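Values below: all heavy atoms of this structure, side chains included; hydrogens, waters and symmetry mates excluded. Treat the numbers as computed from the prediction; the structure is a model and nothing was measured.
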Amino acid sequence: MSHSLCLSVPDIALFLDWWQQHRAAAGIHHFVWQADRLPAWSEVARAIEARLGADGEPLARQLQAHWWGLIPGWHRLPLEDERLILQLALVPVREALAGCTGVFDSIHAGSGLFRTPGLEPAHLAAALAALSRHGTRLHLGTASCPADIADAVHAADITDADWRHALRSKGWQTADGQPTGYFYSPHWIDESSRSSVVPSTAIVIGAGLSGAASAWSLARRGWEVTVLDAGPAPAAGASGLPVGLVVPHTSADDTRISQISRAGVRCMLHRAKALLEPGLEWSQGGVLEHCVDGDSKLARAWQAPDAPGALRPSSEWAHRASPQDIAQACLPQDITAILHPGAAWIKPAALVSALLRRPGIRFQGNGRVAALQRADSGLWQALDADGQVLAQARHVVIAAAYHSSALLQQLAAASGQPACTDAPFGIAFKPLRGQIAWGWQDDLPHPDALPPFPVNGKGSMAAHIPHATPERQGPMWITGSTFNRGDTDPSPRERDMGEILAKLQILHPAAGKALAPAFAQSQARAWAGVRTTLPDRLPVVGPLPVPGLEGISLCAGMGARGLALAMLCGEQMAALLHDEPWPQERKLGQMLSASRWLRNAR
């Protein structure tokens with residue numbers, strides 16, 4: 001694996017050369033490109049054609065599919081079956097240095113880097129060192145602008161001596177006597193101190209969305225993964241939901257949770273497009289969000305009359321629904337609504353099965369893990385209730401929904417941590433039961449009252465979904481769900497059906513009226529599952545930083561946002577193991593860190 005960082009280089013030529021060099025390479029390779037502005041697609045297409053000619057057509061097709069919604073921030077664009085990752089950092093260079101993660105093999109710095117106000121040579125040299133390992137190459141300038149560096153340094157009131165001294169003091173050495181080439185070789189740091197984990201064997205506990213995403217991300221990097229689950233088949237728990245929606249979270253001030261959600265949705269949509277059958281297992285036809293309280297949750301900055309041009313792509317994420325959109329959704333004209341044009345419905349169980357079919361993954365059902373222990377060989381062993389070894393591996397990922405809490409309890413006791421019944425290592429998993437109702441659309445006297453695309457806002461409503469059971473097949477409708485905190489019973493309840501119908505009548509009055517007879521005549525079927533959440537309603541991802549528990553990672557606590565976040569979290573978990581750039585900027589990734597609760601507990 002090799003990773004490159006490109007700072008303040010305005011043209012795309014470096015990336016095109018990198019893609020051509022790595023397109024057939026094995027492993028995962030990242031190219032992080034910081035740019036102050038997003039090039040128009042026409043610029044990118046012309047650059048590809050000019051530099052690569054007909055050989056660039058595969059890249060152009062892949063890139064164009066991702067060239068949407070690229071507002072200021074960080075965007076992960078997976079290419080070549082997710083072997084090559086282009087990460088766009090559409091932020092000022094100071095923010096890019098603060099938000100960048102991972103360890104790079106090469107860093108390219110353009111002349112604009114030295115014109116950054118307030119960026120002192122020592123600070124810049126240290127920031128670059130923090131992203132490097134022994135042997136990392138630093139290139140000042142590019143073939144297209146090799147002579148601009150000296151002028152930029154002088155324009156920033158930095159002398160060549162100041163710059164060279166700052167680099168040497170942070171461990172950078174001149175490369176072969178070239179004034180614009182350096183390599184990282186600090187004598188005070190051992191060469192192996194920043195080496196990443198070598199792919200080996202792993203156990204993933206839990207075969208829901210989180211576990212399947214984790215297994216896929218590890219197997220993609222060369223791991224041999226055994227997925228254990230208490231159920232006989234994958235998606236036996238909350239991920240067995242018949243149909244779910246992939247919709248980004250919206251907020252008036254565009255909170256960090258909204259930003260994490262967009263990163264997760266982008267990751268999920270790509271994975272669904274690669275693995276699922278459109279129209280049968282998923283469909284990206286958009287979702288209308290009914291703001292039932294009358295207040296739009298669309299980001300204010302996106303709607304401002306004086307919004308900068310860089311925010312124009314935000315409408316591809318979400319925009320105020322037009323009267324035509326509202327009428328098409330069969331909703332009253334006087335409502336407030338947001339249209340998410342790129343949102344989708346997905347069948348989670350189909351996605352889980354597709355993820356687990358990846359080579360390198362083995363599913364093992366009917367295997368509830370009761371305890372984890374480290375064997376004399378150094379491998380972690382997963383034990384059942386009788387103490388029998390279900391599997392053993394070098395690394396373990398706990399993705400077992402609410403059962404994750406019991407496993408953490410056992411690990412806490414085994415490692416001598418203070419006894420705590422509800423928050424081992426400070427991580428307080430809470431159960432969140434949800435129930436939905438569904439039925440056959442052909443049984444309705446007025447199916448035309450159902451919206452042609454999903455609607456959410458107070459629960460959700462989706463119709464015209466292909467569905468099949470051993471007894472029947474045809475289009476289905478689905479609505480819900482309830483939110484019962486602290487409830488661990490996955491059994492459907494007849495008494496909850498009234499609550500589901502009442503919410504639907506607020507969300508979509510026409511559908512509520514059309515479906516009321518189905519609820520009254522017991523034609524509406526129920527499905528329930530127990531999700532898992534944490535107090536801040538964000539998942540917990542990454543290694544458990546506790547002495548003696550090296551090799552234990554978490555990927556759990558998605559709550560009701562599993563379809564939006566699971567693929568992102570699986571990638572972040574794997575990136576942490578391999579010193580790769582995270583799939584989102586540092587401050588957002590830190591909000592998911594497994595260590596955030598441990599710090600509070602201490």
Q: Applying side-chain hydrogen bond (donor to acceptor under 3.5 Å, both in side chains), name anything that partners Arg51, two or more places apart in sequence or on another chain.
A: Asp17
**Q.** From CD1 (Ile398) to OG (Ser214), nearest 0.5 Å
**A.** 11.5 Å
Q. Are the aromatic ring centres of His270 and His66 under 6.0 angstrom apart?
A. yes
Q) So do the side chains of Lys430 and Thr532 get within less than 4.5 Å of each other, counting heavy atoms only? A) no
Q. Under 3.5 Å, is there a donor-acceptor pair between the side chain of Trp33 and the main chain of Val9?
A. yes
Q | Set of residues satisfying side-chain hydrogen bond (donor to acceptor under 3.5 Å, both in side chains) with respect to Trp18, sequence neighbours excluded | A | His22
Q: For residues His3 and Val103, determine if any side-chain heavy atom of one lies less than 4.5 Å from a side-chain heavy atom of the other.
A: no
(Q) Quick check on the 6.0 Å ring-centre criterion: do Trp172 and Tyr184 meet it? (A) yes
Q.
Tell me whether Glu49 at atom CD has more than 12 heavy atoms from other residues, nucleotides or ligands lying less than 6.0 Å away.
A. no
Q | Nearest-0.5 Å distance, CH2 of residue Trp282 to CG of residue Leu269 | A | 5.5 Å
Q) Any side-chain heavy atom of Leu218 sitting closer than 4.5 Å to one from Leu577? A) yes
Q | Verdict with supporting geometry, Leu568 and Gln584, side-chain contact (heavy atoms from CB on, under 4.5 Å) | A | CA-CA 9 Å; Leu568 177 79; Gln584 55 195 334; 3.8 Å; yes
(Q) With heavy-atom distances below 4.5 Å as the criterion, would you say the side chains of Leu77 and Leu88 are in contact? (A) yes
Q) Is Lys297 close to Ser251 at the side-chain level, that is, under 4.5 Å between some pair of heavy atoms? A) no
(Q) Is it the case that the side chain of Gln284 and the backbone of Ala344 share a donor-acceptor pair, with hydrogens and angles ignored and the cut-off at 3.5 Å? (A) no
Q. Looking at side-chain heavy atoms only, is the closest gap between Leu339 and Val287 below 4.5 Å?
A. no
Q: Examine distances only and state if a side-chain atom of Ser169 and a backbone atom of Ala166 form a donor-acceptor pair shorter than 3.5 Å.
A: yes
Q) Is there a donor-acceptor contact under 3.5 Å from the side chain of Arg586 to the main chain of Ala98? A) yes
**Q.** Point-to-point distance, once rounded to the nearest 0.5 Å, from CG of Leu63 to CD1 of Ile48
**A.** 5.0 Å
Q. Going through the distances and angles, do Leu598 and Leu544 end up as a side-chain contact (heavy atoms from CB on, under 4.5 Å)?
A. CA-CA 9 Å; Leu598 193 63; Leu544 190 62; 5.7 Å; no
Q: Check for a donor-acceptor pair, side chain of Arg83 on one end and backbone N or O of His29 on the other, with a separation under 3.5 Å.
A: no
Q. With Glu95, which residues qualify under salt bridge (Lys or Arg N to Asp or Glu O under 4.0 Å), at least two apart?
A. none
(Q) As an exercise, state the distance from CG of Leu311 to CG of Asp306, rounded to the nearest 0.5 Å. (A) 10.0 Å
Q: Just jot down the side-chain hydrogen bond (donor to acceptor under 3.5 Å, both in side chains) partners of Ser4, sequence neighbours excluded, or say none.
A: Ser106
Q) Would Leu549 and Phe425 satisfy side-chain contact (heavy atoms from CB on, under 4.5 Å), going step by step from the backbone distance to the final call? A) CA-CA 12 Å; Leu549 298 183; Phe425 307 111; 3.6 Å; yes
Q. Which pair of non-hydrogen atoms, one from Ala399 and one from Ser404, has the smallest distance, and what is that distance?
A. C-OG, 4.1 Å
Q: Mind jotting down which residue pairs meet the salt bridge (charged side-chain N to carboxylate O under 4.0 Å, His left out) criterion with at least one end in residues 208-223? Sequence neighbours excluded, please.
A: Asp81-Arg220, Arg221-Glu571, Arg221-Glu580
Q) Tell me, which pairs form a salt bridge (charged side-chain N to carboxylate O under 4.0 Å, His left out) where one or both residues lie in residues 534-552, sequence neighbours left out? A) Arg374-Glu550, Asp536-Arg596
(Q) Looking at Gly551, is its backbone amide N or carbonyl O close enough to the side chain of His395 to form a donor-acceptor pair, meaning the two atoms are under 3.5 Å apart? (A) yes
Q) Going by heavy atoms in the side chains, are Leu563 and Pro348 under 4.5 Å from each other? A) yes
Q) Val540 and Ser593: which non-hydrogen atoms are nearest, and at how many Å? A) CG2-O, 4.2 Å
**Q.** Sidechain-backbone polar pair: Arg76 side chain, Gln87 backbone, donor-acceptor under 3.5 Å
**A.** no
Q) Do Ser239 side-chain atoms and Leu209 backbone N/O form a donor-acceptor pair below 3.5 Å? A) yes
Q: Taking salt bridge (Lys or Arg N to Asp or Glu O under 4.0 Å) as the test, write out the residues that go with Glu289, two or more places apart.
A: none
Q | Nearest-0.5 Å distance, CH2 of residue Trp19 to CD of residue Glu80 | A | 6.0 Å
(Q) For Ser314, give me all partners under side-chain hydrogen bond (donor to acceptor under 3.5 Å, both in side chains), at least two apart in sequence or on another chain. (A) none
**Q.** Donor-acceptor contact present, side-chain Trp317 to main-chain Gly69, <3.5 Å
**A.** yes
Q) Residues two or more places apart in sequence or in another chain: which of them pass side chain to side chain contact (heavy atoms under 4.5 Å, CB included) with Leu576? A) Pro543, Gln572, Trp582
Q.
Suppose we screen for side chain to side chain contact (heavy atoms under 4.5 Å, CB included). Which residues come up paired with Ala564, at least two apart in sequence or across chains?
A. Val265
Q) How many angstroms lie between CD in Gln34 and OG in Ser8, if you round to the nearest 0.5 Å? A) 4.5 Å
Q. Do the non-hydrogen side-chain atoms of Leu84 and Phe31 ever get within less than 4.5 Å of each other?
A. no
Q | Ring-face cation of Arg312 near Trp302 (centre distance under 6.0 Å, axis angle within 45°) | A | no
**Q.** Least distance between heavy atoms, Ala354 atom then Leu276 atom
**A.** CB-CD2, 4.2 Å
**Q.** Minimum heavy-atom distance Pro581-Ala575, with the two atoms named
**A.** O-CB, 3.8 Å
Q: Could you check Gln173 against Tyr182 for side-chain contact (heavy atoms from CB on, under 4.5 Å), going step by step and ending with a plain yes or no?
A: CA-CA 5 Å; Gln173 308 294 328; Tyr182 296 83; over 6 Å; no
Q) Of the non-hydrogen atoms in Leu554 and Met573, which two are nearest, and what is the gap between them? A) O-CG, 4.2 Å
Q | Non-hydrogen atoms of Ser210 and Met558 that approach each other most closely | A | OG-CG, 3.2 Å
Q) Do any N or O atoms from the side chain of His75 and from the backbone of Pro72 form a donor-acceptor pair under 3.5 angstrom? A) no
Q: Just jot down the side chain to side chain contact (heavy atoms under 4.5 Å, CB included) partners of Arg46, sequence neighbours excluded, or say none.
A: Ser42, Glu43
Q. Under the salt bridge (charged side-chain N to carboxylate O under 4.0 Å, His left out) rule, what pairs show up with a residue in residues 250-261, not counting sequence neighbours?
A. Asp254-Arg262
